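See structure below.
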Amino acid sequence: QQPVQSPQAVILREGEDAVINCSSSKALYSVHWYRQKHGEAPVFLMILLKGGEQKGHDKISASFNEKKQQSSLYLTASQLSYSGTYFCGTEMNNAGNMLTFGGGTRLMVKP
Amino acid sequence: NAGVMQNPRHLVRRRGQEARLRCSPMKGHSHVYWYRQLPEEGLKFMVYLQKENIIDESGMPKERFSAEFPKEGPSILRIQQVVRGDSAAYFCASSEGGSGANVLTFGAGSRLTVL
């Protein structure tokens, strides 16, 4: 089942912070975050695993609440380059199967 | 190390024609995933393949769509008798696979337009 992302869109000024949320109705093994710029491929940002392990980007942080089946992506001191659409992708188990992506959050950072 | 290579980047077909989209995974990656993205929408899973095997095709339409990942050569997503609703960006991703969480590396996509 597709995870639900919120908000659907955010407009920021440079330097402002943003939080993007991803919720699932089912228990999760991992949550992945990707950013996609218009007309380009999605680019991996971060992965959060059940049990607390994280792999990802230096300047972007995220949390994973296993009990609530939610993840949040924190973008601090935003830069113009942060603009794009952010997708969370979820895995239900560690069997190496496909990710199910949310509908995306469009982020625009203005000067 | 080249990333995931997809071709063609843009493809125009008339209704009823066939579309073939190719994907070469990253070196060392043996797992391939195909996703479809409609304009302003998210990525919808279609199929997951390993060499010579379809692992999960739960997102593939039952008719007209097929995918393969042969022992030699790229993975191919084939759409027969295309209709206007097939117009979309088709992204391929690859991973090292195996158990545990996989980081997917995406290609630049193939944009299909059906006239």
Side-chain angles (χ1 to χ4, degrees), chain A residues 1-6 8-9 20 22 24 28-57 62 64 66 71 84-108, chain B residues 2-7 9-10 23-26 29-50 53-60 67 69 75 88-111 113:
Chain A
Q1 191 160 357
Q2 184 181 23
V4 177
Q5 288 186 233
S6 63
Q8 288 188 316
I20 300 172
C22 175
S24 173
L28 299 175
Y29 173 74
S30 70
V31 179
H32 302 224
W33 287 96
Y34 287 78
R35 177 173 60 213
Q36 183 181 31
K37 294 187 181 284
H38 186 70
E40 298 182 9
V43 173
F44 170 75
L45 296 175
M46 174 161 287
I47 182 173
L48 302 105
L49 303 175
K50 187 176 180 179
E53 183 182 352
Q54 295 185 16
K55 293 189 274 187
H57 207 282
F64 180 19
E66 295 169 30
S71 177
T85 301
Y86 290 76
F87 292 100
C88 69
T90 56
E91 276 184 299
M92 302 301 169
N93 55 57
N94 66 346
N97 292 323
M98 78 294 180
L99 292 179
T100 302
F101 285 94
T105 296
R106 290 170 185 74
L107 178 73
M108 180 183 294
Chain B
V4 177
M5 304 301 292
Q6 288 190 248
N7 69 81
R9 291 292 311 277
H10 300 275
C23 170
S24 296
M26 275 187 71
H29 286 190
S30 58
H31 296 242
V32 166
Y33 308 79
W34 285 93
Y35 285 84
R36 177 163 64 179
Q37 187 176 40
L38 294 171
E40 307 303 318
E41 292 192 10
L43 297 150
K44 301 293 186 191
F45 168 76
M46 298 183 74
V47 63
Y48 163 37
L49 311 103
Q50 294 179 33
N53 284 308
I54 296 174
I55 306 303
D56 187 330
E57 56 181 348
S58 57
M60 286 274 273
F69 189 15
S75 174
Y90 291 84
F91 286 95
C92 169
S94 71
S95 70
E96 290 183 353
S99 61
N102 300 307
V103 175
L104 268 58
T105 302
F106 281 86
S110 292
R111 282 153 184 82
T113 301

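What you see is a predicted model, and the numbers here were worked out from it, not measured in a lab. Naming: A, B, ... by sequence-line order, numbering from 1 per chain.
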### Message
Looking at every non-hydrogen atom in both residues, tell me the closest pair between A:Q36 and B:F91 and how far apart they are.
### Response
NE2-CZ, 3.4 Å
### Message
Within this structure, what is the CZ-OH distance for the pair A:F101 and B:Y35, rounded to the nearest 0.5 Å?
### Response
5.0 Å
### Query
Given the options A:G103, A:P42, A:G104, A:S30, which has more heavy-atom pairs under 4.5 Å with chain B than any of the others?
A:P42
### Task
Kindly determine whether A:Y34 and B:L104 satisfy side chain to side chain contact (heavy atoms under 4.5 Å, CB included), including the steps that lead there.
CA-CA 10 Å; A:Y34 287 78; B:L104 268 58; 3.2 Å; yes
### Message
As an exercise: rank A:R106, A:Q5, A:H38 by heavy-atom pairs under 4.5 Å with chain B and give me the winner.
### Response
A:R106
### Summary
Honestly, the part of B:Q37 sitting under 4.5 Å from a heavy atom of chain A is side chain
### Query
Is it the case that more than 12 heavy atoms not belonging to B:M5 sit under 6.0 Å from its CE atom?
no
#### Entry: Over all atoms of both residues, closest heavy-atom pair of B:A108 and A:A41
CA-CB, 3.9 Å
### Summary
Looking only at B:K44, B:E40, B:E41, B:Q6, most heavy-atom pairs under 4.5 Å shared with chain A are made by B:E40
## Note on the structure
Correct closest heavy-atom pair for A:E40 and B:R111 would be N-NH2, 3.9 Å
